[in-house]
Undergrad: 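Okay, here's the structure, questions in a sec.
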Amino acid sequence: MVSDTFSRFKSEVSTVLADALAKLGVDSPVVLDIAPDGMGDLAFPCFPLAKQMRKAPNVIAQELASSIMAGDLIEKVEAKGGYVNFHVGYDGLAQSVIEDALARKDRYGAGEPKKDKILLEHTSANPTGPLHVGRARNPIIGDTLARVMRMAGYDVSTEFYVNDVGRQVVVMTWGVKHLKLDDEPDRDADHYRYVLYYQKANKCAEEDPAILKQMDEMLYKLEHGDEETVAIARENCERVLQEIKKSMKRLNIEYDGITWESKFVQDGSVDRVIEALKRSEFSVEVDGAYHLELESFGISGRETKWVFTRSDGTSLYTTRDLAYHLDKFSRTDIPINVLGEDQKLGMQELAAALKIMGVDRKPDVVFYSFVSLPEGRMSTRKGRVVYIDDLIEEATERAYEEVKRRRPDISEEKMRGIARVVGVGSLRYNIIRIQAEKQIVFKWEDALNFEGASAPFVQYAHARACSIMNKAVELSGKFDARHLITDHEKALVKIISRFPSIIEDCADNRRAHPLAAYAQELAAQFNQFYRYIPVLKAEGEVREARLALVEASRWTIRNTLMCLGIDAPEEM
RNA sequence: GGGCGCGUGGCCUAGUCCGGAUAUGGCACUUGCCUCCUAAGCAAGUGGUCAAGGGUUCGAAUCCCUUCGCGCCCGCCA
């Protein structure tokens, strides 16, 4: 049984409170608050009990407080107004938390292994061009969630679903085959070139119905397994995908698996889905095209039809997605999708279709709102777009200037290394720190902020901890936490003790932004400690205890950054 | 027209699920701090009708209703 110290304190408090309430003959759930500074650590509000017990809250609080004894981790219980405040036994907490961190190192904060297997799909961008910042939220949320859930103890596999069938691939492929480019691509890379073909081909299709017809024929061939068409479409997608993966790798994002949409067309599973849906009582045929009537499933709006085949019999994206989800269900316990908010209706429809097919499962979905520019929504067509590659380069360049200014003493190679880690970290941090359902307006000044609530702020605290540890060569390995008596030390210990429950909370609620906030809080507390509490100049057992605290801080900061997909440099 | 989400100091943001003690933190601005383990840091200060109105409650940023503003969706696109 691996359980962190703060959780043990919390469950101890819950237990004694429940006992005390039972003794008073009160039936009430135990809900604990984090107490404000100076009021202890956990608080139990007695106000809800007032009516039931017909007593004033402060009287109840006093009765409860006097009936509860200090315990293993509970040092003091006191009534304050309508609250019962619980103070953690600090010495015990400190010793045990620091020992835990020092023993577990990069596993400090990890939860018990869970039996559920998670398949987390993210990014899944159309392979028709480079990713822009509007899209960046998806891989960053997805990858961070995957890291957090692994830390929490789940067996997580990430997956990129490649849409290599469907209209947009045909348009791109037709363009590559038939068109000549007028403009040079922004970069000498396949995806920057292919997106130009895609854009030009779209224009051609709009202007010339004959071309549109050619594309329709190509789409039909693609879906019916015409070897040449399948091969060339796949080849084009593969090239663009490789480039997208390179961009993502620069952000510390890699995928455990790639699933090609075409697989479900070729192995017949899409056909089976279509046949099953056609048999349902909700299925209706119009001009050879089939749809489901979903009004009775809570779908509302101008249109409640959900079309699953075109009149030529070919499938649609959502139909294939249905086959993909059935495949996912066979491979995992918990499927999680990271999707833009524009997919909300689609997921509702997917859930309804699954129900109609008699499948009693559906994916968990993490939705996020889009990143826009101050001028409005990002649009490749209007040239109103910031590419992720450009953002990475700009951030890295900006970081390089900072390093060069601050650290003229280190080698060029080291400067470049730190700049990369700081630049990339800043980007990830600035995306993940904001709760997913909130819209983000992209501003360069925010994206390139290296102070306050930013990755470099946290990385800097880590580098400082490393710097101390590197200079403290002679370590006994033994320490007595009772020497950590200042407020700065106590506050730092308490923040470190909260890390495991932060991980658990993020994993349970499938959200990552609290971890970013925690990183900032932890680093800020460490910086205060660093400023006011001398470590290397301290002597004897005090020095040993402080070094142990620095080492515990170092691991906690590092593990926090790792979960955020941000590297923790040892110097900067 | 219908559905979903968001609205917190000049700007960004936590807290909202599960109502409780002076509403969290950052940016910007003002002012201090490097003979002292890296100043990408620390400290202090200015700044708030928690979109608006109503309701429930001993108590509302949090729950309910209405309104307004913004985003997204309602394709034989993906």
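Order of the sequence lines fixes the chain letters, A, B, ..., with proteins taken first and strands second; residue numbering starts at 1 for each chain. This one's a predicted model, so the numbers in the text were calculated from it and none came from an experiment.
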Undergrad: Would you mind reading off the distance between A:His462 atom NE2 and B:U38 atom P, rounded to a whole angstrom?
TA: 14 Å
Undergrad: Listed by chain and number, what are the salt bridge (Lys or Arg N to Asp or Glu O under 4.0 Å) partners of A:Arg407, not counting sequence neighbours?
TA: A:Asp409, A:Glu571
Undergrad: Using the P atom as the point on both nucleotides, what is the distance between B:G7 and B:A52, in whole Å?
TA: 13 Å
Undergrad: Sequence neighbours left out, cut at 3.5 Å: what donor-acceptor pairs do the side chains of residues 365-376 of chain A make with other protein atoms?
TA:
unit_1   : atom_1 : unit_2   : atom_2 : d
A:Tyr368 : OH     : A:Asn138 : ND2    : 3.1
A:Ser369 : OG     : A:Glu437 : O      : 2.8

Undergrad: What one-letter contact string describes nucleotides 24-36 of chain B from 5' to 3', where B marks a base within less than 4.0 Å of any protein heavy atom, S marks contact via sugar-phosphate atoms alone, and - marks no contact?
TA: -SSSS-------S
Undergrad: Less than 4.5 Å apart, any side-chain heavy atom of A:Met172 and any of A:Tyr194?
TA: yes
Undergrad: Could you tell me whether A:Ile533 contacts a base, only the sugar-phosphate backbone, or nothing, with contacts defined as non-hydrogen atoms closer than 4.0 Å?
TA: base
Undergrad: Are there any protein N/O atoms within less than 3.5 Å of an N/O atom in nucleotides 65-69 of chain B, and if so, which ones and at what distance?
TA:
none

Undergrad: On RNA chain B, nearest-nucleotide positions of A:Val403 versus A:Leu49: which is more 5'?
TA: A:Leu49
Undergrad: My understanding is that only residues two or more places apart in sequence, or in another chain, count here; which of them pass salt bridge (Lys or Arg N to Asp or Glu O under 4.0 Å) with A:Arg135?
TA: none
Undergrad: Does a side-chain N or O from A:Lys471 land closer than 4.0 Å to OP1 or OP2 of B:U38, or not?
TA: yes
Undergrad: Can you confirm whether the side chains of A:Asp164 and A:Ser262 place a donor and an acceptor under 3.5 Å from each other?
TA: yes
Undergrad: A:Arg433: what forms a salt bridge (Lys or Arg N to Asp or Glu O under 4.0 Å) with it, not counting sequence neighbours?
TA: none
Undergrad: Counting side-chain heavy atoms from CB outward, which of B:G41, B:U38, B:U16 is closest to A:Phe457?
TA: B:G41
Undergrad: With sequence neighbours excluded, what pairs up with A:Glu394 under the side-chain contact (heavy atoms from CB on, under 4.5 Å) test?
TA: A:Arg398, A:Trp444, A:Leu448
Undergrad: Does A:Gln435 put a side-chain nitrogen or oxygen below 4.0 Å from OP1 or OP2 of B:A14?
TA: yes
Undergrad: Just call it for A:Ala50: base, sugar-phosphate, or nothing, with non-hydrogen atoms closer than 4.0 Å on any strand.
TA: nothing
Undergrad: Does any nucleotide pair with B:C17 by Watson-Crick or G-U wobble geometry, both distances under 3.5 Å, and what is it?
TA: none
Undergrad: Is the phosphate of B:G7 approached by A:Lys438 (side-chain N or O, under 4.0 Å from OP1 or OP2)?
TA: yes
Undergrad: Check every strand shown and say whether A:Val422 touches a base, only sugar-phosphate, or nothing at a heavy-atom separation below 4.0 Å.
TA: base
Undergrad: Using Watson-Crick or G-U wobble geometry with both distances under 3.5 Å, which nucleotide pairs with B:C72?
TA: B:G3
Undergrad: Taking a pair as Watson-Crick or G-U wobble with both distances under 3.5 Å, which nucleotide is matched to B:A51?
TA: B:U67
Undergrad: Just confirming the chi classification of B:C58, syn or anti, using 90° around 0 as the syn window.
TA: anti
Undergrad: To the nearest Å, give me how far apart CD (A:Glu402) and P (B:G41) are.
TA: 10 Å
Undergrad: NA contact type, A:His513, heavy-atom cut-off 4.0 Å: base, sugar-phosphate, or nothing?
TA: sugar-phosphate
Undergrad: Please collect all side-chain hydrogen bond (donor to acceptor under 3.5 Å, both in side chains) contacts where either partner lies in residues 536-554 of chain A, sequence neighbours excluded, each pair once.
TA: A:Glu474-A:Arg543, A:Ser476-A:Glu544, A:His483-A:Glu541, A:Glu489-A:Arg546, A:Glu551-A:Arg554, A:Glu551-A:Trp555
Undergrad: When you check every protein heavy atom under 4.0 Å of nucleotides 71-78 of chain B, what one-letter string (B, S, -) results, 5' to 3'?
TA: BSSBSBSB
Undergrad: Can you measure A:Asp505 atom CG to B:A14 atom C1' for me and round it to whole angstrom units?
TA: 13 Å
Undergrad: Parallel, tilted or perpendicular: which fits the ring planes of A:Tyr161 and A:Tyr317, with parallel below 30° and perpendicular above 60°?
TA: tilted
Undergrad: Tell me what A:Glu571 touches on the nucleic acid: a base, only sugar-phosphate, or nothing, going by heavy atoms under 4.0 Å.
TA: base
Undergrad: Using the C1' atom as the reference point in each nucleotide, state the distance between B:C12 and B:U24 in Å, no decimals.
TA: 13 Å
Undergrad: Give each protein N/O atom lying under 3.5 Å from an N/O atom of nucleotides 58-63 of chain B, with the pair distance.
TA:
none

Undergrad: Using heavy-atom distances to pick each residue's nearest nucleotide on RNA chain B, tell me which of A:Arg405 and A:Ile468 is more 5'.
TA: A:Ile468
Undergrad: If you measure from the C1' atom in B:G48 to the same atom in B:C11, how many Å do you get, rounded?
TA: 14 Å
Undergrad: Tell me every residue that passes salt bridge (Lys or Arg N to Asp or Glu O under 4.0 Å) with A:Lys200, counting only those two or more places apart in sequence or in another chain.
TA: A:Asp182
Undergrad: Hey, can you pull the donor-acceptor pairs under 3.5 Å for the side chains in residues 455-471 of chain A, sequence neighbours left out?
TA:
unit_1   : atom_1 : unit_2   : atom_2 : d
A:Gln459 : NE2    : A:Val421 : O      : 3.3
A:Gln459 : NE2    : A:Asp567 : O      : 2.9
A:His462 : ND1    : A:Pro569 : O      : 2.9
A:Arg464 : NH1    : A:Asn527 : OD1    : 2.8
A:Asn470 : ND2    : A:Cys466 : O      : 3.3

Undergrad: Under 4.5 Å between any side-chain heavy atoms of A:Asp505 and A:Leu515, yes or no?
TA: no
Undergrad: Would you mind reading off the distance between A:Leu339 atom CG and B:G5 atom C1', rounded to a whole angstrom?
TA: 15 Å
Undergrad: Categorize A:Val441 for me: base, sugar-phosphate, or nothing, with a 4.0 angstrom heavy-atom threshold over every strand shown.
TA: nothing
Undergrad: How is A:Asn85 classified with respect to the nucleic acid when contacts are heavy atoms under 4.0 Å: base, sugar-phosphate, or nothing?
TA: base
Undergrad: Does B:A43 have OP1 or OP2 sitting under 4.0 Å from an N or O in the side chain of A:Gln528?
TA: yes
Undergrad: Considering every strand and a 4.0 Å limit on heavy-atom distances, what is the contact class for A:Tyr530: base, sugar-phosphate, or nothing?
TA: base
Undergrad: A:Thr173 and A:Tyr197: side chain to side chain contact (heavy atoms under 4.5 Å, CB included), yes or no, with the steps?
TA: CA-CA 8 Å; A:Thr173 302; A:Tyr197 282 116; over 6 Å; no
Undergrad: Determine the contact category for A:Leu536: base if any of its heavy atoms lies under 4.0 Å from a base atom, sugar-phosphate if only primed atoms, P, OP1 or OP2 are that close, otherwise nothing.
TA: base
Undergrad: Partner of B:G32 by Watson-Crick or G-U wobble geometry, both contacts under 3.5 Å, or none?
TA: B:C42
Undergrad: Just compare B:G41, B:A21, B:C11 and give me whichever is closest to any side-chain atom of A:Lys80.
TA: B:A21
Undergrad: Which one is paired to B:U24, where only Watson-Crick or G-U wobble pairs with both distances under 3.5 angstrom count?
TA: none
Undergrad: Counting any heavy atom closer than 4.0 Å, what does A:Arg511 reach on the DNA or RNA strands: base, sugar-phosphate only, or nothing?
TA: sugar-phosphate
Undergrad: With respect to A:Arg137, which candidate in A:Val338, A:Ile432, A:Ile434 satisfies the side chain to side chain contact (heavy atoms under 4.5 Å, CB included) definition?
TA: A:Ile434
